[in-house]
Each structure stands twice: as C-alpha cells, then as structure tokens.
Amino acid sequence: MTAHRLRPDCRICAGTSLVRFLDLGKQPLANAFTSPARAAPEERYPLAVYVCEQCWHVQLLDVVAKETLFAEYSYMSTTSQTIPAHFAALAREVEAAYLAPDDLVVEIGSNDGVLLRAFQGRPYRILGVEPASNIAKIAQERGVPTLNAFFHPATAAQVAAEHGRAKVVLANNVVGHIDDLPGLAAGVRALLRDDGAFVFEVPYLVDLLDKLEFDTVYHEHLSYFAIRPLQRLLGAAGLEIVDVTRQGVHGGTIRVHARPHGTQPVHARVGELVALERGRALDSLRPYHEFAAKVEALRADLVRTVRGLRAQGKRIAGYGAPAKGNTLLNYCGFGPADIEFIQDTTPLKQGRLAPGTRIPVVPPEHFRANPPDVAFMLAWNYEAEILAKESKFREAGGRFLIPIPSPRLV
Ligand code: TYD
Ligand code: ZN
C-alpha cells in the first residue's frame, strides 16, 4: 500500500478552513499505466479539489507519496511538436531578458531535458534537477547535466555549493506537483542570485474553470494556481511577481517571472490578471460551486455521447493517453466496451493498460491499421497538432470527439 495522507491545512497559508467543491471519487494514479500481467486492480485514492477560504488557493489535500508518483515516470515532454517549439521560444525570452555568458541556469523538474537543450550551444552553464531516475538518465544521454533529485531547500543548498548561485531558475509544469510550496519558494530564493529571476509556468486556474478542464485534476497536480495565492507564496520567500503572460499550451498556462523584491518594476500585466481574478470573484465560493455543477453536467453529456455512438455501432478509440485522459475515463466510468484501445506515441505507455479502465494502450501503427469511426481526443491540448497530423483519417470519414468544454465531433 502506497503512502497517502490527507493534509489538514492549506499548502500556501496553512489555513484550515478548506472547502471541498469537486469530488471526482476514488481514482487510480493517472500515470500508473499497468502491465497486462497484473491481476490485482490498481490502488485508488480519493480525488477531490478544495479551496482555502483564507488565501483562496485551489488544491488537493489527498497527497500520495512523491516517491510513488515520480521516482519512475511515464510522462515525457518531448512526445509532441508543440512543446519543444514552446520551450524554444521560452528559452529565447529568458536569454534576452536575463542571461550573460557563464551564467548558471537551473531547471527544476527538467524531465528529458527538452527545455535545457534549447540553451545548448549557448555560452551558459545548465543544470537540470529531475527526480525520475528513468527520465533523468535520458536527459543525461542527451548531454543535459542532470541531478537526479527532488528539489527542496537541501537540494538548492547543494547546487549552490557545487555550482554557485543561479541567474535563472526555471520550472515548467512542476510547481503544482510540489506539496511543500513554502520549501520550494525558500529553496528557489536561496539558489537565486540577488539579480536573478525565477521563471515558471503553471496551468492557470481561470482557464481550468472557463474551459471545464476537470480532467487536468489528478493526484500529481496538487495546486491549481491563480496570481494572488502565488503572490502570497512567493512574497513570503522574498520574491515578487514582476511579469506574467498567458500561454496557450496545456489548455492555458501562465508564465510567471518572479525576482527578489525591488529588482525591477512590476509590469502592468500582473495587475491586469489580478483584476481579472477579482472580476471572477475567485475569492468567493461561488465560481467553484458553479464549476462543479458544470463538470457533473459535462460528465452526463460525455456518457450520453459515447453510449449513443456505440448504440449506432460506431467503434471508438482513444487518441493520446495523457494522464488527464485517465481522470476523464475513470470519472465517466468508461471501459474497453466503450473505448476499444488508446493510441499513444510514448513507448513507455504502449503495451500497457490505462489505469482503472484497463483499456489497452497501443502504438500509432495499430490505430492506422485499425482506424476506428471515432477517435476520442483525450490529448485535447494538442488539438491543432493532431488534426493537422491526422488529416487522412478524417478524409477517410473518421471523426474526432473533443471532450471539453462540451463534446464536439469534428
Ligand atoms: P499531455 O497532454 O502532454 O500530458 P498529461 O499527461 O500531463 O495530461 O500528454 C499527451 C499524450 O498524448 C502523451 O502521452 C503523448 C500523446 N500524443 C500522441 O499519442 N499523439 C500525438 O500526436 C500527440 C501530440 C500526443
Ligand atoms: Zn490558504
């Protein structure tokens, strides 16, 4: 039995008035693709989303041990074209804003090194910190120096002692995975030079609520960020958000630039997003309860759509086996009778079963040899890339089912 605990307090302000507004039931770990040889059902843990009534941070309180979630990992950043292109643009932005020759760039949760590779061949020193040993090894093989460790204040101290302090600390889609947020913020501040910058991206709560991206909720994603709780978290560690921009990837994220207090004037964009969040009343319970009601209705709609297609004799296969797909499939109660197989380009997932639903994950060749009538686009965050790539499937009469914000056949 994997270690699991229910946190009693908010991971930003330690407040204890937390309201559970969305309950997705007991779910298996979304990246625990299972061997077909395993007979025992996957372990399940409560999956519910809470909001803190003191700082309004949206979060999970059910915490699965990070060693279970991340020591081995099946997510690889490089399995699309969208993400490497996005990271290349981020690297150029960071370079122009902050870097001088010989500066140190450290990335937390550097995965297979895709972002740091965009700094290769440039006159900077780079270092990745990545807890998954299988993924850290891949990054090493690609020539990205990588420390196989979880990031916390002791790691920060070790890196600073060995390499000096960093001009830039990067963290993409990983801040929300970290339970000890004050420890993260303190570690980043200690690692950063006084003229340094912490540049990170996290999915944006406003996008989650607006587009009903309930499937991005799974045990790895402990936090769902808005600007104001982030300001509180970083401010306590001596960091100030000086700029923020909204980005289209992963269903809508924010790219945040934070620097030691007083390093540079705060860009107007920060206040604009704070105003947007005030306008949405994110510091009240209403938007969260409304979201939960819409998610319930969306589930009914998805179940009706899939069962309706099956009743017409249509064959349905999943397209992409992202973690979020497993939340969606389990929440809707779909199984192999509804979704025949799921095609995914990630070798680590192929030949395995999707956790909970036990739908087989197959390589793209299988999809091409046995095209279904309908491809359920579980990886909806790559809609443009996938539609462009699969024009032949659609020309031959195949349709994609896009699940959010409401089921849509294209
Ligand atoms: P992603 O949405 O990035 O991640 P998460 O697990 O955080 O929800 O995962 C996308 C998955 O879709 C990944 O397993 C690769 C797969 N994929 C394909 O199979 N084909 C494609 O053309 C693309 C773009 C992704
Ligand atoms: Zn709080």
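The chain is numbered in sequence order, starting from 1. Ligands are counted one by one from 1 in listed order, and the atoms in each one are counted from 1 as well.
- Listed by chain and number, the residues in a side chain to side chain contact (heavy atoms under 4.5 Å, CB included) with Ile404 are Glu213, Leu298, Trp380 (sequence neighbours excluded).
- Each of the atoms 5 (P), 6 (O), 8 (O) of ligand 1 lies under 4.0 Å from some heavy atom of Ala323.
- The ligand atoms of ligand 1 that sit less than 4.0 angstrom from a heavy atom of Tyr382 are 1 (P), 2 (O), 3 (O), 10 (C), 24 (C).
- Atoms of ligand 1 found under 4.0 Å from any heavy atom of Ala379, numbered from 1 in the order shown, are 12 (O).
- The ring of Tyr204 has its center no closer than 6.0 angstrom to the ring center of Tyr224.
- With respect to Asp103 and Arg125, no salt bridge is recorded, no charged nitrogen being found less than 4.0 Å from a carboxylate O.
- Annotation: His257 is in aromatic contact with Tyr98 [ring centroid separation under 6.0 Å].
- Side chain of Arg189 to backbone of Leu192: a donor-acceptor contact under 3.5 angstrom is found.
- Only the side chain of Lys349 comes within 4.0 Å of ligand 1, counting heavy atoms alone; its backbone N, CA, C and O stay farther away.
- With a heavy-atom cut-off of 4.0 Å, Tyr218 touches ligand 1 through its side chain alone.
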(request) Give the C-alpha distance, both sets of side-chain angles, the deciding distance and a yes or no for salt bridge (charged side-chain N to carboxylate O under 4.0 Å, His left out) between Arg286 and Glu290. (result) CA-CA 6 Å; Arg286 183 174 47 82; Glu290 283 176 5; 3.5 Å; yes
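- Residues Phe376 and Tyr319 place their aromatic rings such that the two centres sit no closer than 6.0 Å.
- Counting heavy atoms under 4.0 Å from ligand 1, residue Thr345 touches it through both backbone and side chain.
- Residue Glu385 touches ligand 1 through its side chain alone, judged by heavy-atom distances below 4.0 Å.
- Between Phe214 and Phe291, the distance separating the two ring centers is not shorter than 6.0 angstrom.
- A salt bridge does not link Asp243 with Arg255: every distance from a Lys NZ or Arg NE/NH1/NH2 to an Asp or Glu carboxylate oxygen is 4.0 Å or more.
- Asp338 has no carboxylate O lying under 4.0 Å from a charged side-chain N of Arg310, or vice versa, which leaves the two without a salt bridge.
- His4 has its ring centre less than 6.0 Å from the ring centre of Tyr45.
- Those atoms of ligand 1 that come under 4.0 Å of a heavy atom in Asn381, given as number and element, are 1 (P), 2 (O), 3 (O).
- Heavy-atom proximity to Lys389, at under 4.0 Å, picks out these atoms of ligand 1: 20 (N), 21 (C), 22 (O).
- A salt bridge does not link Asp112 with Arg117: none of the charged nitrogens is closer than 4.0 Å to a carboxylate oxygen.
- When every heavy atom of Leu61 is checked against every heavy atom of Asp9, the shortest pair comes out as CD2-O, 3.8 Å.
- Counting heavy atoms closer than 4.0 Å to ligand 1, residue Pro322 contributes atoms from both its backbone and its side chain.
- Counting only protein atoms, the N, O or S atoms lying less than 2.8 Å from the Zn ion (ligand 2) are Cys10 SG, Cys13 SG, Cys52 SG, Cys55 SG, ordered by chain and residue number.
- Look at Lys389 and Glu385 and you find no salt bridge, because none of the NZ, NE, NH1 or NH2 atoms lies under 4.0 Å from a carboxylate O.
- The parts of Asp344 lying near ligand 1 are both backbone and side chain, judged by heavy-atom distances below 4.0 Å.
- For ligand 1, the polar-atom distance check against His221 finds no nitrogen or oxygen pair separated by under 3.5 Å.
- Within the listing of ligand 1, atoms 13 (C), 14 (O), 15 (C) sit less than 4.0 angstrom from a heavy atom of Thr346.
- In this structure, Glu390 does not count as a contact residue of ligand 1, since none of its heavy atoms falls inside 4.0 Å of the ligand.
- Near Gly320, meaning under 4.0 Å from any of its heavy atoms, are these atoms of ligand 1: 12 (O), 19 (O).
- Heavy-atom contacts of His250 reach the following atoms of ligand 1: 3 (O) (cutoff under 4.0 Å).
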